[in-house]
Each structure stands twice: as C-alpha cells, then as structure tokens.
Amino acid sequence: MSKNTRTDKFRRVNVDDYDENNYVDEEEGGENQLGPDEAEVDASIRQGNLNAALQAALKNPPINTKNQAVKDKAESTVIKVLTSFKSNDIEKAVQSLDKNNIDLLMKYIYKGFEKPSENSSAMLLQWHEKVLAAGGVGSVVRVLTARKTV
C-alpha cells in the first residue's frame, strides 16, 4: 500500500481543463478590432479603384469583438463597396481574393441578406452567385457553421 493515502492533492485538478469537447468562448483581442478603415475604402471608391476598396473593406474584420456598433459599421462599409461594383466587374474582383477572403465576403453577403436595403438584395444575389462559383459549396457550409460572425 502507499504511504500517503490520505492526501487530497489529486482532487485539485480540474478535469474539465483536459476535456477536448469542452467549449470555451475565446475572446482574444476583440476590443482592438475596429473594423475596416472607412477613409481608405472611401478614397479607393472615389479614385475608381474598386478592387482596392474591396481589399481594404475585408482587411480588418471585427470577428472577435462583441461590439455590435463596430460590426454594423463594418457591414455597411462592405455593402457600400459591393453595391458600387458594376455587374461585369464582380467576377474579376472575386477571382482576385484568396480562400479566407472569399469566406469572409460570403459572411458579409449573408449578413447583408439579413438587413436588406434599397437595391442591395439584387446586387448581393449577383455577388453570391460569383462567390459561390469561386468558393464552392464548402464556403457556404463554413460560413453557416462558423461560430464567429462579422
């Protein structure tokens, strides 16, 4: 037998820390995320460089923040960029994005469907068609199952 059977040190270990199925909401760096730089996006739109405006709008997404005002501002910035594209230029813009930005753009498209504004739904459907062609069904599944939203 062991000499120290009355010790209770083993009971101080939190077994939930070692459970891989235990969900912990990670809120790292959410306060620092302010969303895309709206001045940079507006400057690119005024210069007519819509691809640069799209890249700038997708640059700093407020995914980890819980501040709804920041998320709404980022959404309106991205929707403003998307609605300023012509139908012919959408496919070129989507093809210039990488896989992560395609998924992020799909998140913003679905967010735009939640709160439609005047004429935004038609443009968002055109964007959805092109992004779906580029990202595939996997992009839609990743967006719909993601825990972190924009």
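Every value quoted in this text rests on a predicted model; they were computed, and no experiment measured them.
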So, using salt bridge (charged side-chain N to carboxylate O under 4.0 Å, His left out) as the criterion, who are the partners of E129 when residues are at least two apart? none
For the residue pair F85 and W127, is the inter-centroid distance of their aromatic rings smaller than 6.0 Å? yes
If you draw a 6.0 Å radius around NZ in K115, do more than 12 non-hydrogen atoms from other residues or ligands fall strictly inside? yes
With sequence neighbours left out, which residue pairs that include part of residues 51-70 fulfil the ring-ring contact (aromatic ring centres under 6.0 Å, His included) condition? none
Got a donor-acceptor contact below 3.5 angstrom from the E75 side chain to the Y108 backbone? no
For T77, enumerate each residue passing the side chain to side chain donor-acceptor pair (under 3.5 Å) test, keeping only those at least two apart in sequence or located in another chain. none
Please check this pair: side chain of T145 against backbone of V141, looking for a donor-acceptor N/O pair closer than 3.5 Å. yes
Any donor-acceptor pair under 3.5 Å linking the side chain of T65 with the backbone of P62? no
Check this for me: E118, atom CD, are more than 12 non-hydrogen atoms of other residues, nucleotides or ligands nearer than 6.0 Å? no
With sequence neighbours left out, the residues meeting salt bridge (charged side-chain N to carboxylate O under 4.0 Å, His left out) with K71 are none
Just wondering, more than 12 heavy atoms not from K80 lying within 6.0 Å of its NZ? yes
Heavy-atom donor-acceptor pair, K107 side chain to L144 backbone, under 3.5 Å: no
Checking A52 now: which residues fulfil side chain to side chain contact (heavy atoms under 4.5 Å, CB included) with it, not counting sequence neighbours? S44, N49
K59 side, atom NZ; D37 side, atom CG - distance, nearest 0.5 Å: 7.5 Å
Could you pull out all residues at least two apart from A134 that satisfy side chain to side chain contact (heavy atoms under 4.5 Å, CB included)? V94, I102
